[in-house]
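Take a look at the structure set out below.
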Amino acid sequence: MASWEFWIDVGGTFTDCIARGPTGELVQCKVLSSGVTKGQVAEIQGTNRLLDPGRRGDPPDFWVGCELRLLDSDGSPCLATRITAFDHRTGLLTCAAVIPPVDLPAGYELVSGEEAPTLAIRRVLG
C-alpha cells in the first residue's frame, strides 16, 4: 500500500507543503511560518460563536482545542479562549468564553501550538 509523501519548504513568512497521496494525487498547502492562522469574523452569533466563511472547507473539527485570539480594531488581542466546536460547512467557531463587543469585521488568530510543518501536514491529512 502506498503512503503519503511530503515536501516542505519553511520560509521567513510562509511554509509551503506539497504532498502526494497514496493514489498519486498532489495536494498543496501554505501556512504562516509562525504556525498562526489568521481569519476575519463576519458575524457574531449568540454569546460565544464567531462566523468566518473563510474557514468553510477546513477539515471537520480541525480547530477544536486551539486557542483563538480575538483582535480589536488596533490589532491587539482583546480575548484569548479555546475553540470548543467547529462547523466546517459554515465556518462557525464556538468559543469557551463569552465574546466581548467588537467592531465587525474583526480579525482573529488561531494558534494550534504546532510548528508550521506539522500544521501544514495536519491540514493536508484533514
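No experiment lies behind these values; they were computed from the predicted model shown.
Of the possible donor and acceptor atoms, one in the side chain of Asp72 sits under 3.5 Å from a partner among the backbone N and O of Asp74. No donor-acceptor pair under 3.5 Å is formed between the side chain of Ser33 and the backbone N or O of Val10. A distance-only check finds no donor-acceptor pair linking the side chain of Asn48 to the backbone of Ala97 [under 3.5 Å]. In this structure, Arg56 contributes its side chain and Gly91 its backbone to no donor-acceptor pair below 3.5 Å.
For Cys17 against Phe6, the heavy-atom pair with the smallest separation is SG-CD2, 3.8 Å. Residues Ala80 and Glu67 come closest through the heavy atom pair CB-OE2, 3.3 Å. Heavy-atom minimum distance, Val31 versus Ala116: CG2-O, 3.7 Å.
We find the OG1-CH2 distance between Thr84 and Trp63 to be 15.5 Å, quoted to the nearest 0.5 Å. The SG atom of Cys95 sits 12.0 Å away from atom CZ of Phe86, with the distance rounded to the nearest 0.5 Å. Taking CD of Gln28 as the reference point, atom CH2 of Trp7 lies at 11.5 Å (rounded to 0.5 Å). Remark: Arg20 CZ to Ser3 OG distance equals 10.0 Å, nearest 0.5 Å. Here CZ of Arg69 is found 14.0 Å from OH of Tyr108. Values are rounded to the nearest 0.5 Å. For the atom pair Ser112 OG and Ile83 CD1, the distance stands at 12.0 Å (nearest 0.5 Å).
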In residues 118-126, what donor-acceptor pairs under 3.5 Å come from side-chain atoms, sequence neighbours left out?
from	atom 1	to	atom 2	distance (Å)
Arg122	NE	Glu114	OE1	3.0
Arg122	NE	Glu114	OE2	2.8
Arg122	NH2	Glu114	OE1	3.4
Arg123	NH2	Asp58	OD1	3.0

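Put simply, Trp4 and Phe62 are part of two different groups of oily side chains (I, L, V, M, F, W, Y) that touch within less than 4.5 Å, one to the next. Val64 and Leu110 fall within a single hydrophobic cluster, where Ile, Leu, Val, Met, Phe, Trp and Tyr side chains are chained together by heavy-atom contacts under 4.5 Å. Residues Ile8 and Val27 share a single hydrophobic cluster, defined by chaining ILVMFWY side chains whose heavy atoms lie under 4.5 Å apart. A continuous path of hydrophobic side-chain contacts links Ile44 to Leu68 [ILVMFWY only; heavy atoms under 4.5 Å]. Tracing side-chain contacts under 4.5 Å through hydrophobic residues (I, L, V, M, F, W, Y), one reaches Leu79 starting from Leu93; they form part of the same cluster.
Evaluation of the salt bridge (charged side-chain N to carboxylate O under 4.0 Å, His left out) test over residues 43-53, restricted to residues two or more places apart or in two chains, returns Asp52-Arg55.
Thr47 places none of its side-chain heavy atoms less than 4.5 Å from the side chain of Ile99. Contact annotation: the side chain of Leu70 never approaches that of Pro77 to less than 4.5 Å [non-hydrogen atoms, C-beta and beyond].
Not a single side-chain hydrogen bond (donor to acceptor under 3.5 Å, both in side chains) links Thr94 to another residue, sequence neighbours left out.
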